[in-house]
Amino acid sequence: MATKQHSPDSPVKHRHRPEGPQRHIVVFVFSIVLTLIAFAAVAAGGVNPTFAVILLLVMAVLQVILQMGFWMHLKDKGHMMPIIFMLGGFFIAGTCIIMSLYWVWWD
Amino acid sequence: MAEAAQSLHPSQPLKHGHSVKRHTGLMDWITTVDHKKIAILYLWAGGIFFGIGGLEAILIRIQLIKPMNTFLDAQTFNELITMHGTTMIFLGVMPVIFALMNAVIPLQIGARDVAFPFLNALGFWTFLFGGILLNLSWVMGGAPDAGWTSYTPLSSTGYSPTHGVDFYTIGLQIAGLGTLIGGINFLATIITMRAPGMSFMRMPMFAWTTFITSAIILFAFPAITVGLVLLTFDRILEANFFNVAGGGNPVLWQHIFWIFGHPEVYILILPAFGVISEVIPTFSRKRLFGYSSMVFATILIAFLGFMVWAHHMFTTGLGPVANALFSVSTMLIAVPTGIKIFNWLFTMWGGQVRFTTPNLFAAGFIPTFTMGGVTGVMLASAPADFQFHDTYFVVAHFHYVIVGGLVLGLFAGLHYWWPKMFGRMLSETLGKWTFWTFIIGFHLTFFVQHFLGLMGMQRRVFTYLPNQQFDLLNLVSTIGAMLMGVGMLIFLTNIFLTSRRPADAADDPWEDGRTLEWTIPSPPPEYNFKQTPLVRGLDAFWKEKMAGHKGMTPSEPVGSIHMPSATILPFLMSVGIFIAGLGFMFSRDEFSSSIMSFLFNNYIVTALGLLITFGSMLMRSLFDDPGWHIEPEELEGR
């Protein structure tokens with residue numbers, strides 16, 4: 001870790017195999033499909049609203065994972081710190097949301 | 001070279017070392033981006049605010065010296081307790097913590113500066129202008145008076161109609177910006193700029209606690225930022241977040257405040273843990289006992305620190321299940337904290353202990369902090385807390401952990417690193433006088449407050465009736481506070497006398513230095529390390545000493561060193577935010593002069609301030625800062 005400094009003089013050496021564009025195209029198409037499913041579920045009408053909300057949330061979570069993993073490179077090596085800190089952020093934000101809903105809004 | 005933030009485009013011509021404009025005098029301090037100078041700025045500013053907070057404390061104690069005293073009226077007393085708490089925490093001790101971090105962390109990890117030197121300066125100036133704004137309240141219509149926790153509805157316009165609480169919300173918002181910037185900066189610095197060979201588990205303990213503290217800042221400060229925005233909107237723009245009549249909920253403020261506020265107390269104490277973990281091994285000539293358990297205890301404290309906030313709210317009526325859960329999670333924190341206490345004791349055990357001033361403060365820290373921890377566990381018990389809540393028992397508890405813990409830790413750190421920061425050793429004799437007057441004064445002041453609390457004396461009352469058995473203990477407490485003041489004066493005298501002596505401290509003035517900061521001159525040159533050292537183990541310098549080497553093995557040849565340029569932009573940005581904050585606060589006021597009304601009521605002052613800030617940001621974006629270089633000849637010439 002320590003020897004890899006992100007400074008102009010010593011760029012981080014990415015030693016993994018160069019990726020072709022195929023995977024990015026697949027992920028891009030997949031992102032579009034996820035969006036279309038979510039859009040269609042609402043636009044088509046007739047879908048049970050509770051089911052639609054759950055479906056939208058599931059699509060959203062998948063979308064976030066794809067975006068983070070592939071476009072933000074979190075699946076690549078050397079991203080442990082961003083992942084740890086993002087999970088930490090999710091944890092704290094989640095605590096606040098649960099607190100607000102459970103104690104302040106509903107209770 | 002190690003300036004990650006000063007991104008240097010390879011194709012650009014480099015400014016040579018000689019052509020760079022060097023500022024002198026005041027301009028040098030306003031434009032500096034050097035972490036060592038910013039550390040000194042933080043120390044000065046924090047020290048001055050600490051002094052103001054200390055004077056407020058003395059006034060509070062004079063008022064309480066005898067029953068039915070008329071030295072202060074109730075309103076002034078409320079303003080003093082509010083400003084004492086707010087000033088001490090946000091403007092006193094946190095900047096001094098940042099002073100130590102700035103002075104030491106880059107040196108300890110073998111770096112030439114922090115990751116973002118520009119942001120470092122910006123963090124300092126926003127803190128300073130936030131602090132000035134908050135303290136302007138004294139001369140601009142009355143200080144905030146709703147307590148440092150500023151609970152709603154007391155802090156909403158219905159009960160606090162003056163601008164006092166606006167100074168609190170806007171001032172803390174601006175100062176908090178600086179803290180957040182500083183925290184992010186240290187995270188980036190420690191993750192990316194450690195010297196070759198310094199893995200995470202070879203980092204000095206102070207670097208570890210700084211890292212964890214910065215992570216807590218990153219996660220906790222957004223909560224108070226949001227809370228302050230909501231309160232500002234409630235007060236200035238007539239929103240209803242905490243207004244029951246408008247569908248809001250005042251308890252929401254308590255939740256938001258303590259989701260920030262509890263991690264905040266770990267932001268305060270963890271750096272002190274780090275200082276103690278440096279001082280004790282140095283003066284015991286032993287490596288820190290249980291280094292890895294110390295690291296994991298620190299991480300665990302940080303993690304648990306986010307899950308205990310409701311223990312400040314046991315009496316708000318959360319219900320028995322929530323109270324029980326938060327009791328248990330709070331008591332759990334005693335486990336990693338206990339691990340630390342025992343590790344320090346085991347480090348001293350069998351060591352060649354030298355009671356220099358820093359070690360005296362460290363040794364005083366352990367029992368004092370432990371006492372604060374024990375009352376903490378007592379307060380964690382929800383049924384008992386119904387008795388302790390809002391009494392002087394709580395006041396005694398948090399002063400034991402903050403003053404007996406953090407402030408003793410800061411004293412230890414300041415005496416320990418003073419020669420590294422200023423090139424001069426503080427006087428050991430005066431240092432020991434500081435220690436004994438301060439710690440005896442401290443225990444006189446706060447030990448008796450436990451009993452005052454148990455006997456039923458409430459917090460935040462401006463006076464009390466005679467013959468309730470409060471009289472004698474309050475007198476003792478006030479005498480103790482005076483003695484602490486004497487200790488501070490001795491410390492200031494020590495600084496003054498030391499500053500008049502020649503700067504002749506050795507590289508390793510304590511002779512048993514274990515970490516990298518002791519391998520370079522005191523004070524260090526502006527580039528810190530001529531050659532980045534190679535770290536071969538925990539306590540890198542000690543390891544080389546034990547191997548019989550004079551210094552560190554360099555990890556690079558002598559070469560030209562890339563330095564960041566000095567800039568006034570961080571100062572200007574902060575001035576802009578300061579003006580915008582003042583303008584926003586008074587935007588709904590009615591002024592006698594029509595020009596003033598025009599300027600403030602149409603948000604022209606606010607817009608002007610934001611223009612300065614965003615204009616400075618535009619300047620920063622449009623004009624690249626390639627930095628400058630110190631060439632090898634200059635390094636050898638010194």
Side-chain angles (χ1 to χ4, degrees), chain A residues 1-19 49 53 56-57 60-61 63-107, chain B residues 1-10 109-112 115 187-188 190-200 202-203 215-216 218-220 222-223 226 248-256 258-260 263 302-303 306-307 309-310 313 316-319 322 532 535 555-556 559 562 627:
Chain A
M1 286 288 287
T3 50
K4 284 192 241 163
Q5 295 202 352
H6 292 263
S7 67
D9 301 317
S10 55
V12 178
K13 292 189 180 69
H14 291 288
R15 286 234 172 270
H16 57 82
R17 250 176 331 107
E19 287 176 25
V53 167
L56 285 190
L57 287 176
V61 170
Q63 188 78 263
V64 165
I65 293 172
L66 284 184
Q67 299 277 341
M68 293 281 185
F70 286 86
W71 303 110
M72 306 298 285
H73 299 283
L74 289 190
K75 66 174 176 51
D76 296 340
K77 271 184 186 167
H79 287 73
M80 192 180 69
M81 278 296 161
I83 291 173
I84 289 175
F85 277 87
M86 277 184 171
L87 288 178
F90 283 132
F91 173 74
I92 308 298
T95 312
C96 294
I97 292 168
I98 291 168
M99 172 280 295
S100 316
L101 290 179
Y102 180 70
W103 268 334
V104 180
W105 196 358
W106 289 336
D107 205 32
Chain B
M1 191 172 277
E3 312 307 333
Q6 305 291 322
S7 64
L8 180 67
H9 200 272
I109 63 173
R112 292 205 168 108
L187 282 177
I190 292 174
I191 291 174
T192 59
M193 295 180 61
R194 283 165 291 128
M198 182 172 281
S199 60
F200 269 103
R202 284 179 182 177
M203 274 199 318
I216 306 178
L218 179 67
F219 293 135
V226 170
N249 188 332
V251 180
L252 178 63
W253 167 262
Q254 295 190 27
H255 280 295
I256 294 175
W258 288 116
I259 282 179
F260 148 78
F303 181 71
F306 279 97
M307 304 207 276
W309 79 89
M313 305 164 58
T316 46
L318 301 171
T532 303
V535 175
S555 66
E556 60 177 12
H562 181 218

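A note on names: the letters A, B, ... follow the listed sequences, proteins ahead of strands, and every chain is numbered from 1.
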Smallest heavy-atom separation, A:Leu74 atom then A:Met86 atom, equals CD1-SD, 3.7 Å
Tell me, for B:Leu252 versus chain A, whether the close heavy atoms (under 4.5 Å) come from the side chain, the backbone, both or neither.
both
With sequence neighbours left out, what residues match B:Trp253 under side-chain hydrogen bond (donor to acceptor under 3.5 Å, both in side chains)?
none
Can you tell me which portion of B:Ile109 sits under 4.5 Å from chain A's heavy atoms? Options are side chain, backbone, both or neither.
neither
Using heavy-atom distances under 4.5 Å, tell me whether B:Ala310 contacts chain A through its side chain, its backbone, both, or neither.
side chain
Heavy-atom cut-off 4.5 Å, strictly under: side chain, backbone, both or neither for A:Phe91 against chain B?
side chain
List for me each residue that meets side-chain contact (heavy atoms from CB on, under 4.5 Å) alongside A:Leu87, sequence neighbours excluded, and say none if there are none.
A:Ile83, A:Phe90
Looking only at side-chain N and O atoms, does A:Asp76 offer a donor or acceptor that is under 3.5 Å from a partner on A:His79?
no
